[in-house]
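One structure is given here, and the rest of the page talks about it.
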Amino acid sequence: MASARARRKGAAELLGPAPLVVVSERPFNAESPYSQQLGLLTPVDRFYVRSHFGLNQAPGAEDWRLEVSGAVQQPLSLSLADLLGLPARSLIATLECAGNGRRYLEPPVPGEQWALGAVSTAEWAGVSLSEVLARAGIAAGALEVLFAGVDRGPSPVDGATIRFERSLPLEQALHPDVLLAYAMNGAPLTADHGAPLRLVVPGWYGMASVKWLCSIEVLRAPFRGVFQADRYVYDFGDGRPVEPVTSMRVRALIAQPTPGARIPASGAQVRGWVWSGAAPIAGVEVSDDGGETWVQAELGARVSPYAWCAWQYRWRPSRPGAHTLLARARDASGAAQPLAPDWNRLGYGNNAVQRVEVQVGE
Ligand SMILES: Nc1nc2c(c(=O)[nH]1)N[C@H]1C(S)=C(S)[C@@H](COP(=O)(O)O)O[C@H]1N2
Ligand SMILES: [Mo]
């Protein structure tokens, strides 16, 4: 992957600004420059990257295999060619890291200090996981399905070498929209995004979408690994029970204007993206007075139930000077973005409304 990064840097020199905003070099973690996001799909070289350990080299597609084992009638060992021979399925889905917005928590929490760019959208193509599980045959007593990537590194809990592995409840794993994806935006997966095969769990925070997938094991007991039980849990520290992090909370992002922008007195188009993994989007409201009053924004087409949706609002400022723009989304379950983060010890799911300060000229 070092070479992929070197290539990216080389390309950036030719094209101008670097396409990704680097959060850490090793392992490589970087945000998408979402203020420049124009179309629905994020170009692959602008799609955020989140890797716990990183890989020196992505597994070669030639000798790579996917092993399916555990509580199944027929264990399988599949090559990429085997998977390409199964019925193909594609869908557009937004992926957001559960740590997106962690930087804004008060008091601060440990972990990658993401601003708001750990979210991107792609068209994923592959095979339904359910298709492969049906070929293996689920045996009696199955409860969960465990997914492991080839990447290894020190456990954040005790430093022991572990793999990145996570499970899904059987019912979720059997949903036909959960994909074993080999392509992204019409091209084979790149090393950073999990080549040659990754899981894509639409609607869930990104940690569920295991990259560099090499093994699937059907389990009869709940998985309690580090990235399941110690990480990716909401620990509010206020007496509320500890809960697993699952679907993406409703959130609107303001792409334009950007912080510090100078806006003409006639106003500007305020626009961005809105998504929710928990329930369909119900609406986006904008405030230009720090949250005193709110007006409805216009929603663009819903292209996929799993993809973000464009929104916009034609803003006509009532006075010159400093303004704080806010955008707040609601979903059909009645959930709305909070004005302040729902703080938790590991800093997940911070979907608090974004504030963008701008200056309106005379
Ligand atoms: N094998 C493996 N899969 C992984 C990870 C990882 O570190 N290793 N990170 C997860 C997390 S936390 C996120 S947010 C998504 C990021 O996917 P992306 O890098 O393609 O954006 O991958 C998930 N899958
Ligand atoms: Mo993540």
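Ligands are counted one by one from 1 in listed order, and the atoms in each one are counted from 1 as well. FYI, the numbering just counts along the sequence from 1.
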At a 4.0 Å threshold, what atoms of ligand 1 neighbour a non-hydrogen atom of [X]?
X	answer
Ser209	22 (O), 23 (C), 24 (N)
Asp151	1 (N), 2 (C), 6 (C), 7 (O), 8 (N)
Phe47	21 (O)
Ser51	7 (O)
Cys97	14 (S)

### Task
Scan Ile92, Val200, Thr121, Asp177 and name whichever one has a side chain to side chain contact (heavy atoms under 4.5 Å, CB included) with Tyr306.
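Option passing the side chain to side chain contact (heavy atoms under 4.5 Å, CB included) with Tyr306: Asp177.
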For [Y], is there an ion pair with [X] - N to carboxylate O distance below 4.0 angstrom?
X	Y	result
Arg240	Asp235	no
Glu96	Arg251	yes
Asp230	Arg224	no

Indicate whether any N or O donor in one side chain lies under 3.5 Å from an N or O acceptor in the other, for [X] and [Y].
X	Y	answer
Asp331	Ser333	yes
Gln37	Arg46	no
Ser287	Glu292	no
Arg65	Ser77	yes

### Message
Please report whether ligand 1 has a polar contact with Arg198, defined as an N or O pair separated by less than 3.5 Å (distance criterion only).
### Response
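So ligand 1 has an N or O lying under 3.5 Å from an N or O of Arg198.
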### Nitrogen or oxygen of His193 less than 3.5 angstrom from that of ligand 1
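Right, the criterion is met.
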#### Entry: Side chain, backbone, both or neither: Tyr232 near ligand 1, heavy atoms under 4.0 Å
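Looking at Tyr232 and ligand 1, just side chain atoms fall under 4.0 Å.
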### Query
Backbone, side chain, both or neither: what part of Trp212 comes under 4.0 angstrom of ligand 1, heavy atoms only?
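Just the side chain.
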Top protein contact for [atom], by heavy-atom distance:
atom	value
atom 21 (O) of ligand 1	Tyr48 O, 2.7 Å
atom 11 (C) of ligand 1	Met207 CA, 3.6 Å
atom 9 (N) of ligand 1	Arg50 O, 3.3 Å
atom 19 (O) of ligand 1	Lys211 NZ, 2.6 Å

### Query
Looking only at non-hydrogen atoms, which of Pro27, Ala118, Gly206, Ala98 approaches atom 13 (C) of ligand 1 most closely?
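It is Gly206 that holds the nearest heavy atom.
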### Message
Using the rule given for side-chain contact (heavy atoms from CB on, under 4.5 Å), can you reason through Tyr348 versus Tyr232, listing the C-alpha separation, both sets of side-chain angles and the distance that settles it, and then say yes or no?
### Response
CA-CA 7 Å; Tyr348 298 126; Tyr232 301 111; 3.7 Å; yes
